[in-house]
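Just below is one structure, and these are the notes that go with it.
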Amino acid sequence: MSDIAGLTITPLAEADVPAAAQIIRLAFGTFLGAPDPANFWPDRDYAHGRFHAPHVAAFAAMRDGALAGSIFVTSWGSSGFFGPLTVHPDLQDSGIGKALVARATAQFDAWGTRHAGLFTFAHSARHVGLYQKFGYEARFLTAIMVAPARAGAAGGAADGWHAFSALAPAQRDTALAACRDVAETVLPGLDLTGEIGTTAAQKLGETVLLEGPGGLAGFAICHYGPRSEAGADTCFVKFAVIRAAPSAGADFVRLLDACARLAGNLGVSRVLAGVNLSRRGAYRAMLEQGFRTEFQGVAMHRNDDPGYCRPDAWVIDDWR
Ligand SMILES: CC(C)(COP(=O)(O)OP(=O)(O)OC[C@H]1O[C@@H](n2cnc3c(N)ncnc32)[C@H](O)[C@@H]1OP(=O)(O)O)[C@@H](O)C(=O)NCCC(=O)NCCS
């Protein structure tokens, strides 16, 4: 039971996931001034995919037995983020959001997450103020960027990349171990294998495995389709990383190209990818490769920890 009368914060029950998805639509649609908030974002789903992901914890704010809001907390090994966080518009400004942020922060403590944060609206003093109360500091902007798809390629030796879903089960284990090694080079303990596994298991998209002379050079976890987080006509790079090496800049450009060609192969017209502006090399390379910023928000980091937000980290993510 929280300090607010009639409010409890509990693990989100499967039966409440549709209601959570509906509050997500309504809360963001209302905040962003959509004409029909109840039907906002009909082309994507943040609730079901995350609820069914083993590396994500989902919490419900229950008020008098009904769902008032929810928060999803994702673990990428030593790093993690929370979101989406939503409270039903009729129940906002009564402390429910704070109770959910407190629960997410306790979850990071329980997991031992060393680098934790969130992405929020940079222009909103209310949002930044809310998260600051819990020790999250506003740092660099994250640009959510788009680029056109390129003539398709299915992936294979000639293309320099492979699709994770094309691998046999035994090869998948080897590939996951290689992905862990690559992520480890930018942040000790950074582990995306849960995200790769659930993307494949739930058929939310595809992971691109980029080959290099010494093995795996990098990978990109891409979402597409209405059950995913991508949005219509879009291949969304949820996370991508390149092994720290002298060839990293060139490898990053090859990985962007592979994602654009996967998009072409899927028949969608654009690639969507978020990059934190502290990652100067990655941001500049994306601009040079034709990406343009669609909108931007701010990354807030617990205890001001920079994590993998530094000029030479070739990482794409947006923590939405
Ligand atoms: C953001 C959201 C989850 C907050 O939930 P909520 O239940 O309304 O928030 P709470 O009542 O618990 O907390 C309000 C806090 O916001 C902060 N706040 C509000 N206005 C503020 C301002 N002008 N300046 C600084 N801080 C402010 C304060 O910390 C306040 O806490 P206080 O009352 O102790 O001062 C909710 O408004 C929502 O669902 N919005 C739409 C979706 C969304 O934007 N989600 C978050 C995306 S990152």
Side-chain angles (χ1 to χ4, degrees), residues 1-10 12 16-42 44-47 49-51 56-64 66-74 80-108 116-144 229 231 238 274 276 294-302 309 317-320:
M1 186 66 76
S2 81
D3 297 340
I4 303 162
L7 184 77
T8 50
I9 306 297
T10 63
L12 180 64
D16 286 327
V17 176
Q22 191 52 33
I23 292 175
I24 291 171
R25 291 184 204 296
L26 198 57
F28 279 105
T30 303
F31 179 72
L32 295 170
D36 180 13
N39 291 307
F40 191 57
W41 283 341
R44 70 198 72 181
D45 186 344
Y46 287 105
R50 291 193 191 186
F51 179 81
V56 177
F59 298 102
M62 304 299 294
R63 183 131 164 223
D64 301 327
L67 188 73
S70 67
I71 195 165
F72 295 78
V73 196
T74 296
F81 68 97
F82 67 73
L85 159 68
T86 49
V87 173
H88 192 290
D90 295 346
L91 299 171
Q92 291 177 5
D93 292 317
S94 60
I96 298 173
K98 283 189 291 184
L100 286 165
V101 174
R103 184 63 191 86
T105 302
Q107 187 60 46
F108 289 137
L118 64 119
F119 170 90
T120 194
F121 300 103
H123 71 279
S124 171
R126 169 196 167 90
H127 286 75
V128 172
L130 166 61
Y131 303 127
Q132 259 169 9
K133 274 191 181 258
F134 294 87
Y136 299 88
E137 304 293 342
R139 289 179 60 90
F140 287 81
L141 296 174
T142 290
I144 309 299
E229 300 170 12
K238 183 170 165 99
N276 190 265
E294 195 168 71
F295 66 96
Q296 57 196 14
V298 65
M300 299 185 70
H301 297 193
R302 192 175 185 198
C309 286
D317 68 351
D318 66 31
W319 281 355
R320 277 183 297 167

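These numbers come from the heavy atoms of this one structure, side chains and all, not from hydrogens, waters or symmetry mates. Whatever order the structure lists them in is the order used to number ligands and atoms, beginning at 1.
Heavy-atom proximity to Asp93, at under 4.0 Å, picks out these atoms of ligand 1: 6 (P), 7 (O), 8 (O), 11 (O). Ligand 1 places these atoms under 4.0 Å from at least one heavy atom of Gly97: 5 (O), 6 (P), 7 (O), 9 (O), 12 (O). For ligand 1, the atoms closer than 4.0 angstrom to any heavy atom of Gly95 are 10 (P), 11 (O), 12 (O). Each of the atoms 48 (S) of ligand 1 lies under 4.0 Å from some heavy atom of Phe119.
The ring of Phe31 has its center no closer than 6.0 angstrom to the ring center of Phe40.
Looking at Met300 and His127, their side chains never come closer than 4.5 Å, going by heavy atoms from C-beta outward. For the pair Leu67 and Met62, the minimum side-chain heavy-atom distance is below 4.5 Å. By the 4.5 Å heavy-atom criterion applied to side chains, Phe119 and Ile144 are counted as neighbours. In this structure, Ser70 and Thr86 have side chains that are in contact, with non-hydrogen atoms separated by less than 4.5 Å. Looking at Phe82 and Tyr136, their side chains come closer than 4.5 Å, going by heavy atoms from C-beta outward. Side-chain contact between Tyr131 and Leu118 is present, with at least one heavy-atom pair separated by less than 4.5 Å. Contact annotation: the side chain of Phe140 never approaches that of Cys309 to less than 4.5 Å [non-hydrogen atoms, C-beta and beyond]. Side-chain atoms of Lys98 and Leu130, non-hydrogen and from C-beta on, do get closer than 4.5 Å to each other.
The single protein non-hydrogen atom nearest to atom 28 (C) of ligand 1 is Lys133 CE, 4.0 Å, given as residue, atom name and distance. For atom 24 (N) of ligand 1, the closest non-hydrogen atom on the protein side is Ala125 O, 3.5 Å. Ranking the protein heavy atoms by distance from atom 44 (O) of ligand 1 puts His127 NE2, 2.6 Å first. Protein heavy atom in closest approach to atom 38 (C) of ligand 1: Gln92 NE2, 3.2 Å. Among protein heavy atoms, atom 41 (C) of ligand 1 sits closest to Ala27 O, 3.5 Å. Closest to atom 26 (N) of ligand 1, if we only count protein heavy atoms, is Gly129 CA, 3.5 Å. Ranking the protein heavy atoms by distance from atom 27 (C) of ligand 1 puts Arg126 CA, 3.6 Å first. Closest protein heavy atom to atom 13 (O) of ligand 1: Lys98 CG, 3.6 Å.
To the nearest 0.5 angstrom, Tyr46 atom OH is 12.0 Å from Phe72 atom CZ.
Heavy atoms of Gly83 stay at 4.0 angstrom or farther from ligand 1.
Residue contacts with ligand 1, taken as heavy atom pairs separated by less than 4.0 Å, do not involve Ser124 at all. With a 4.0 Å cut-off on non-hydrogen atoms, Tyr131 touches ligand 1 through its side chain and not its backbone. If you look at Phe121 next to ligand 1, the close heavy atoms, those under 4.0 Å, all belong to the side chain.
For ligand 1, the polar-atom distance check against Val87 finds a nitrogen or oxygen pair separated by under 3.5 Å.
Under a 3.5 Å cut-off, the side chain of Arg103 and the backbone N or O of Thr10 do not form any donor-acceptor pair.
When the heavy atoms of Leu85, Thr86, Leu100, Val298 are ranked by distance to atom 45 (N) of ligand 1, first place goes to Leu85.
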